[in-house]
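The block underneath contains the structure these notes are about, expressed in structure tokens.
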2 protein chains.
Amino acid sequence: MLDALFKALSDPTRREILGMLRQGDLTAGEIAEHFNISKPSLSHHLNVLKQADLVLDERKGQYINYSLNTSVFQDVLAWFVNIVNNKDRGDNVEK
Amino acid sequence: MLDALFKALSDPTRREILGMLRQGDLTAGEIAEHFNISKPSLSHHLNVLKQADLVLDERKGQYINYSLNTSVFQDVLAWFVNIVNNKDRGDNVEK
DNA sequence: TAGATATTTTGAAAAACATCTAAATATATT
DNA sequence: AATATATTTAGATGTTTTTCAAAATATCTA
């Protein structure tokens with residue numbers, strides 16, 4: 001779960017896709033135009049993001065619209081805050 | 001940079017190492033004892049974490065002590081907050 | 001229904017990754 | 001100096017990931 005999530009985020013192309021989707025939904029084709037990789041490759045990346053629940057897809061006629069699923073980011077944020085705050089089991093030492 | 005960072009986080013063993021280090025510094029050997037993988041493998045994981053600046057290592061005699069480098073988490077947190085808040089270009093700040 | 005467009009699936013090849021054993025390096029102890 | 005302990009580096013192997021071209025699927029339009 002965090003596994004698929006971080007794996008999905010570990011690729012720069014995929015992170016850029018997420019950045020693009022912040023500004024608004026896009027079709028697979030529109031996303032593909034911004035990159036120098038084939039459509040099948042793009043499709044693969046979108047699928048990885050989908051498996052990680054980072055994006056949602058919805059068919060709109062011929063097109064498929066992709067959008068950000070921000071709710072999942074909460075989980076990752078929680079993980080990070082935990083690491084940084086050092087407050088997992090309330091038993092930590094000072095200094 | 002975010003690249004190495006997320007790649008480092010995308011492995012469950014490595015995330016568990018980070019969790020262990022929250023409670024305090026540990027030597028490579030102490031970390032290795034908690035896992036069912038060989039010491040060379042562990043060493044490899046520690047190196048990946050080091051390349052990503054997620055941990056620091058300091059030789060202490062025969063031992064090498066590993067510790068969390070929390071400062072790097074700031075960068076990732078910033079990235080996440082940006083994605084979630086939809087605020088990329090320094091404009092629009094209120095709230 | 002035939003043809004055009006949008007997207008995904010399949011199958012294959014190359015690159016990256018995780019893991020192991022064996023060997024090397026560094027330090028400590030006798 | 002010889003031996004023991006802690007850790008890393010090298011080299012090999014199996015697995016996963018990225019990528020592409022070709023084929024398949026879905027929808028739209030004429």
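Treat the numbers as computed from the prediction; the structure is a model and nothing was measured. Quick note on labels: first sequence line is chain A, next is B, and so on, each numbered from 1.
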Subject >> Pairs meeting criterion side chain to side chain donor-acceptor pair (under 3.5 Å) with involvement of residues 50-60 of chain B, two or more places apart >> reply: B:K50-B:D57

**OP:** Round to the nearest Å and state the distance from A:D11 atom CG to D:dT16 atom P.
**Re:** 18 Å

Subject >> All salt bridge (Lys or Arg N to Asp or Glu O under 4.0 Å) counterparts of A:R15, not counting sequence neighbours >> reply: B:D3

Original post:
Can you check the B:I37 CD1 to D:dT15 P distance for me, whole Å?
Top reply: 17 Å

Subject >> Between C:dA18 (P) and A:K7 (NZ): distance, integer Å >> reply: 8 Å

Show me the side-chain donor-acceptor pairs of residues 70-79 of chain B shorter than 3.5 Å, one per line, residues at least two apart or across chains.
residue	atom	partner	partner atom	Å
B:S71	OG	B:N69	OD1	3.0

Subject >> Contacts of A:D25 that satisfy side-chain hydrogen bond (donor to acceptor under 3.5 Å, both in side chains) - sequence neighbours left out >> reply: none

Original post:
Rounded to whole angstrom units, what separation is found between the CG atom of B:D3 and the C1' atom of C:dA16?
Top reply: 13 Å

Original post:
Could you give all pairs that pass the ring-ring contact (aromatic ring centres under 6.0 Å, His included) test and reach residues 24-56 of chain B, with sequence neighbours left out?
Top reply: none

Subject >> A:H45 NE2 to C:dT7 P, straight-line distance once rounded to whole Å >> reply: 16 Å

Original post:
Can you give one letter per nucleotide of nucleotides 2-12 of chain D, 5' to 3': B if a protein heavy atom sits under 4.0 Å from the base, S if only from the sugar-phosphate, - if neither?
Top reply: ---BSSBB---

Original post:
Is there any salt bridge (charged side-chain N to carboxylate O under 4.0 Å, His left out) pair reaching into residues 26-44 of chain A, and which pairs are they, with sequence neighbours excluded?
Top reply: none

Original post:
Is there a side-chain polar atom (N or O) of B:S38 under 4.0 Å from OP1 or OP2 of C:dC20?
Top reply: yes

**OP:** Could you state the atom-to-atom distance from CZ of A:F35 to P of D:dT19 in whole Å?
**Re:** 10 Å

**OP:** Please give the angle, rounded to 10 degrees, between the axes at the start and the end of the helix from C:dT1-D:dA30 to C:dT30-D:dA1, where five pairs define each axis.
**Re:** 10°

Original post:
Within less than 4.0 Å of OP1 or OP2 of C:dC20, is there a side-chain N or O belonging to B:S41?
Top reply: yes

Original post:
Excluding sequence neighbours, so at least two apart, what forms side-chain hydrogen bond (donor to acceptor under 3.5 Å, both in side chains) with B:S67?
Top reply: none

Subject >> Between C1' of D:dT18 and CD of A:Q51, the distance in whole Å >> reply: 16 Å

